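Have a look at the structure below before the remarks.
When a residue number appears, it is its place in the shown sequence, counting from 1. Quick caveat: nothing in here was measured; it's all calculated off a predicted structure.
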Amino acid sequence: FTGADPARLVHRYWNCWLCCLAIAFGTGGSAALAEAPASRPAASSYHVIQLAADRYANARINARGQVAVEVRRNGMSGVVFYDGRRMRDFGTLDGTSATLAGLNDRGQIAFNVDRSGTQAAMFFDGRRVIDLGTLGGPGATAAGLNEHGQVAGTSSISANSAALHPYRWSEKTGMVDLGNVGQGDPVVHGINNRGYVYGRATFPGEERPDLHGFFWSSRTGIVDIGKLGDFSVPGAMNEDGTIVGYGGHGPSNLLAFRWT
């Protein structure tokens, strides 16, 4: 450094000192990180609640953690409901048995009650249990419940006929007849949050009756979705009304389908 500018020497000295300090701190920090003990995950805790002491046959749970359970007692079915705080035992709802048809996120429940061979569709709105009535015949069954409290199912239409019609029910409209489907033997599979209903029924065929899926909306009415091969059975429907299921040529040759 002989003959060098003193100002430059001071500048180089401070640069070297700062670099050494940075390396020292960096090395020390890495060592400290390496030596830090690995953190342990917090222990999980569980709160177990016994919902029913009876043998259960069916259960539903909603987004709020509320649970509806279908239980068996002395050979009969009944329904109990856990609302997140306490249990409510609906029992058989004045029938010989009660079965669970649906539970939504509002804590509303759809039931089917057997009254000595005659079926009644029932609805719990969060406060009281309501009998949905019929379309003119002796009985009705519930098959599905959406988040708006609408129930879908089938009902007899006359005491003198075995024919069934699908329906959609709400507290505002009551039971609405969706019309005749096929040969009068529909089975409703469910209802989505747009109020669309789907199911299956027997339709006239070329040689013998065929099993077809069907779709209903307030805009389209009843729609026969046709068949894939010899028949079609719907399995599920989304919020747009798209249906998936299966058809085919007998039980050994099943084919999946998507219908829109």
Side-chain angles (χ1 to χ4, degrees), residues 51-52 54-62 66-83 88-159 161-171 173-178 181 184-192 195 197-201 214 216 234-237:
L51 299 180
D54 310 277
R55 179 180 169 191
Y56 84 93
N58 184 15
R60 308 283 179 95
I61 185 169
N62 66 17
Q66 297 174 323
V67 183
V69 184
E70 184 181 312
V71 297
R72 298 283 295 175
R73 296 171 180 160
N74 302 318
M76 298 186 296
S77 296
V79 176
V80 297
F81 176 54
Y82 174 66
D83 67 4
R88 176 165 181 165
D89 191 342
F90 290 101
T92 61
L93 294 168
D94 297 326
T96 53
S97 67
T99 55
L100 185 61
L103 168 69
N104 66 18
D105 289 343
R106 298 165 68 179
Q108 298 172 327
I109 306 171
F111 312 89
N112 286 308
V113 178
D114 187 339
R115 293 174 174 165
S116 301
T118 300
Q119 296 294 312
M122 312 286 283
F123 175 71
F124 173 63
D125 67 359
R127 297 174 290 107
R128 60 196 176 112
V129 177
I130 303 168
D131 188 330
L132 305 192
T134 75
L135 293 174
T141 60
L145 168 67
N146 68 16
E147 295 302 324
H148 304 296
Q150 294 176 315
V151 180
T154 56
S155 171
S156 54
I157 58 173
S158 169
S161 171
L164 302 174
H165 281 191
Y167 70 81
R168 187 178 72 179
W169 178 95
S170 72
E171 290 192 71
T173 64
M175 186 175 286
V176 176
D177 189 342
L178 304 187
V181 184
D185 59 349
V187 176
V188 169
H189 287 200
I191 181 171
N192 69 12
V197 178
Y198 77 109
R200 69 180 191 271
F214 71 86
W216 179 92
M237 177 176 65

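- Listed here is the closest heavy atom pair of Gly91 and Arg73: CA-NH1, 4.4 Å.
- In this structure, Val187 and Thr154 have side chains that are not in contact, with every pair of non-hydrogen atoms separated by 4.5 Å or more.
- Judged as a salt bridge (Lys or Arg N to Asp or Glu O under 4.0 Å), the pairs with a partner in residues 104-123 (not counting sequence neighbours) are, in order, Arg115-Asp131.
- With rounding to the nearest 0.5 Å, the separation of CZ in Phe81 from CZ in Arg60 is 13.0 Å.
- Side-chain atoms of Phe90 and Met122, non-hydrogen and from C-beta on, never get closer than 4.5 Å to each other.
- Proximity of Phe123 to Leu145: side-chain heavy atoms (C-beta onward) are separated by under 4.5 Å at one or more points.
- Two residues are said to be in side-chain contact when any heavy atoms from C-beta on lie closer than 4.5 Å; Leu132 and Tyr167 meet this criterion.
- Residues Ala110 and Ala142 approach most closely at CB-CB, 4.3 Å, considering heavy atoms.
- If you take NE2 on His148 and CG on Asn192, they are separated by 8.5 Å, rounding to the nearest 0.5 Å.
- Note that CG of Asn146 and CD1 of Ile191 are 4.5 Å apart. Values are rounded to the nearest 0.5 Å.
- The heavy-atom pair separating Arg128 from Asp125 by the smallest distance is N-OD1, 2.8 Å.
- Here Met76 contributes atom CE and Thr99 contributes atom OG1; the two are 13.5 Å apart, rounded to the nearest 0.5 Å.
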Can you list the steps and then say if Val113 with Asp94 is a side chain to side chain contact (heavy atoms under 4.5 Å, CB included)?
-> CA-CA 8 Å; Val113 178; Asp94 297 326; over 6 Å; no
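- Here the CG-CD1 distance, from Leu100 to Ile109, works out to 7.0 Å after rounding to the nearest 0.5 Å.
- Taking OG of Ser97 as the start and CD of Glu70 as the end, the distance is 8.5 Å to the nearest 0.5 Å.
- You'll find the side chain of Val79 stays beyond 4.5 Å of the side chain of Phe124, heavy atoms only.
- Shown here is Asn58, whose CG atom has more than 12 heavy atoms of other residues, nucleotides or ligands within 6.0 Å.
- No donor-acceptor pair under 3.5 Å is formed between the side chain of Ser156 and the backbone N or O of Ser158.
- Here the side chain of His189 pairs a donor or acceptor atom with the backbone of Pro234 at under 3.5 angstrom.
- With contacts defined as side-chain heavy-atom distances shorter than 4.5 Å, the pair Phe214/Pro186 qualifies.
- Looking at Val188 and Val197, their side chains come closer than 4.5 Å, going by heavy atoms from C-beta outward.
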